[in-house]
Protein chains: 2
Amino acid sequence: MGHHRADVVDAAVRLLDEVGLEALTMRRLAGTLGVRPSALYHHFSGKDALLGAVADEVLDRGRRPTEVVAWQAELRLVCVELRDIMLAHRDGAALMARARSLGVGAAEPMNRMASALRWAGAEDEVARVGARTLFHYVYGHVADEQTQQQSAGDGEVGPPASLDFSVGLSMVLDGLATRMGLPAGAG
Amino acid sequence: MGHHRADVVDAAVRLLDEVGLEALTMRRLAGTLGVRPSALYHHFSGKDALLGAVADEVLDRGRRPTEVVAWQAELRLVCVELRDIMLAHRDGAALMARARSLGVGAAEPMNRMASALRWAGAEDEVARVGARTLFHYVYGHVADEQTQQQSAGDGEVGPPASLDFSVGLSMVLDGLATRMGLPAGAG
DNA sequence: ACCTGAACACCGTTCAAGT
DNA sequence: ACCTGAACACCGTTCAAGT
């Protein structure tokens with residue numbers, strides 16, 4: 001009875017956190033809204049479009065204010081922000097992968113990374129490849145974290161994931177610096 | 001009428017190449033074998049187990065003989081082999097991601113990378129993180145390639161993907177070398 | 001603009017029973 | 001050991017029709 005697009009996205013984010021990506025179903029989502037499944041197609045052309053909107057909404061909610069820092073530190077901040085966003089929602093990494101593979105949404109983080117690199121003086125190819133590499137690193141790491149914490153649940157292991165993330169990120173940033181003809185280790 | 005596990009896996013690989021991962025369905029697979037869907041559950045406990053077996057089969061088929069080379073070159077060979085395997089099958093990257101997220105199969109490439117790193121003298125943490133980073137790089141790159149070539153199809157763009165892959169890989173290997181206290185650029 | 005009702009063409013999985 | 005028959009509990013999507 002009178003929902004808007006934003007209401008549907010809100011409900012979808014809540015449902016995602018409750019039941020996970022696999023159980024995030026058009027029929028189930030309609031149920032939580034007290035509406036018939038077919039009603040959702042008034043707001044979205046299909047499930048793909050809905051998932052793209054959910055991914056962008058989640059990205060937007062986790063956005064932090066920009067700080068003025070050196071380029072390596074900025075890339076680090078963007079990557080940490082992206083990881084935190086993915087970790088903030090059940091199956092967050094899988095959601096981003098799904099949206100990207102459907103070619104709908106979730107493009108902003110990589111664009112920010114590429115911008116930072118170009119601003120730092122990287123050639124176009126290095127900026128493009130570097131941004132992709134960083135994004136894939138973050139996504140892959142968080143995807144592993146979330147599938148592990150899904151299969152564990154009992155023995156608390158806890159914080160070493162963040163440390164591993166930081167170490168690997170430094171590695172990629174070092175490689176990036178080397179490619180740009182700068183000394184490694186500033187990050 | 002008398003299929004074995006291996007027959008089912010073979011048919012699944014063929015069907016994957018024909019119709020893609022999304023349409024690789026238990027019912028459809030049963031159809032190509034001239035069998036009822038329920039018959040498949042005699043060979044596999046469920047779809048997840050089947051997909052894991054498919055991933056491992058594909059990995060095994062693409063395996064190349066080991067060459068004796070420097071560690072950076074060896075890592076490069078493993079990564080190139082992994083990319084070629086994924087590219088050799090429709091939705092190859094998505095298949096590996098799916099298997100990994102289900103915690104079934106597709107673990108061998110990362111193990112080989114970690115071994116190569118330990119053999120080269122890397123500390124345990126660097127070997128673990130390095131292998132993960134390399135695997136995620138390869139997977140992410142190929143996943144992008146395959147979703148792009150899925151949405152393109154018309155204007156031939158072609159080879160630059162391989163070049164981008166090589167550049168990004170060198171970047172990661174440089175970062176790895178730096179972390180190990182070695183000069184970058186040997187790869 | 002937003003929704004219902006009803007249908008279409010599918011899914012994965014289980015389980016008793018057959019040979 | 002390998003398979004059938006039949007069912008259960010779901011899917012995404014379409015489309016005419018209602019308010």
Side-chain angles (χ1 to χ4, degrees), chain A residues 1-16 18-55 90-91 94-95 97-105 147 150-151, chain B residues 1-16 18-55 90-91 94-95 97-105 147 150-151:
Chain A
M1 19 139 98
H3 297 105
H4 295 150
R5 228 183 113 98
D7 301 325
V8 179
V9 174
D10 268 33
V13 174
R14 259 194 307 275
L15 187 56
L16 172 70
E18 271 172 38
V19 302
L21 187 60
E22 207 153 312
L24 175 45
T25 260
M26 296 299 267
R27 297 180 104 104
R28 205 155 169 177
L29 176 57
T32 72
L33 287 164
V35 131
R36 288 294 151 109
S38 50
L40 297 177
Y41 292 82
H42 184 77
H43 301 282
F44 295 94
S45 64
K47 195 180 182 183
D48 294 1
L50 187 261
L51 285 179
V54 170
R90 167 114 85 125
D91 296 333
L95 170 68
R98 184 85 177 272
R100 266 181 66 76
S101 87
L102 299 172
V104 59
T147 61
Q150 191 177 347
S151 61
Chain B
M1 18 138 101
H3 297 105
H4 296 149
R5 228 183 112 99
D7 301 324
V8 179
V9 174
D10 269 32
V13 174
R14 257 194 308 274
L15 187 56
L16 171 70
E18 271 171 38
V19 302
L21 186 60
E22 208 153 313
L24 176 45
T25 260
M26 296 300 267
R27 298 180 105 104
R28 205 155 167 176
L29 176 58
T32 73
L33 287 165
V35 131
R36 287 297 152 106
S38 51
L40 297 177
Y41 293 82
H42 183 79
H43 302 281
F44 296 93
S45 65
K47 194 180 183 183
D48 294 1
L50 186 262
L51 285 179
V54 170
R90 167 114 85 126
D91 296 333
L95 171 69
R98 184 83 177 272
R100 267 181 66 75
S101 88
L102 298 173
V104 59
T147 60
Q150 190 177 348
S151 61

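Chain identifiers are assigned alphabetically (A, B, ...) following the order of the sequence lines, protein sequences preceding nucleic acid strands; residue numbering begins at 1 within each chain.
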Provide, to the nearest angstrom, the distance between the CG atom belonging to B:L40 and the P atom belonging to C:dT13. 10 Å
Rounded to whole Å, how long is the line connecting atom NE2 of B:H42 with atom P of C:dT13? 17 Å
Strictly below 4.0 Å: does [X] bring a side-chain N or O up to OP1 or OP2 of [N]?
X	N	value
A:H3	C:dC2	no
A:H43	C:dA1	no
B:H4	D:dA1	no
B:R36	D:dC3	no

Using purine N1 to pyrimidine N3 plus N6-O4 or O6-N4 for Watson-Crick, or N1-O2 and O6-N3 for G-U wobble, both under 3.5 Å, which nucleotide pairs with C:dT14? D:dA6
Tell me which nucleotide, if any, is Watson-Crick or G-U wobble paired with D:dA1 when both distances must be under 3.5 Å. C:dT19
B:S38 side-chain proximity, nearest of C:dC11, D:dG5, C:dG12: D:dG5
Taking the minimum atom-to-atom distance to the side chain of A:K47, which one of C:dG5, D:dG12, C:dC3 wins? D:dG12
When rounded to the nearest 0.5 angstrom, what is the spacing between [atom1] in [X] and [atom2] in [Y]?
X	Y	atom1	atom2	result
B:D10	B:H4	CG	NE2	12.5 Å
A:R27	A:R36	CZ	CZ	10.0 Å
A:L95	A:L24	CG	CG	8.5 Å

Nearest-nucleotide check on DNA chain D, B:R27 vs B:R5; residue mapping nearer the 5' end is B:R5
Does the side chain of B:L51 reach to within under 4.5 Å of the side chain of B:V104, using non-hydrogen atoms? no
Take atom P in C:dA9 and the same atom in D:dA9, then report the distance between them in whole Å. 23 Å
Taking the same atom, C1', in C:dA1 and in D:dA17, what whole-Å distance lies between them? 15 Å
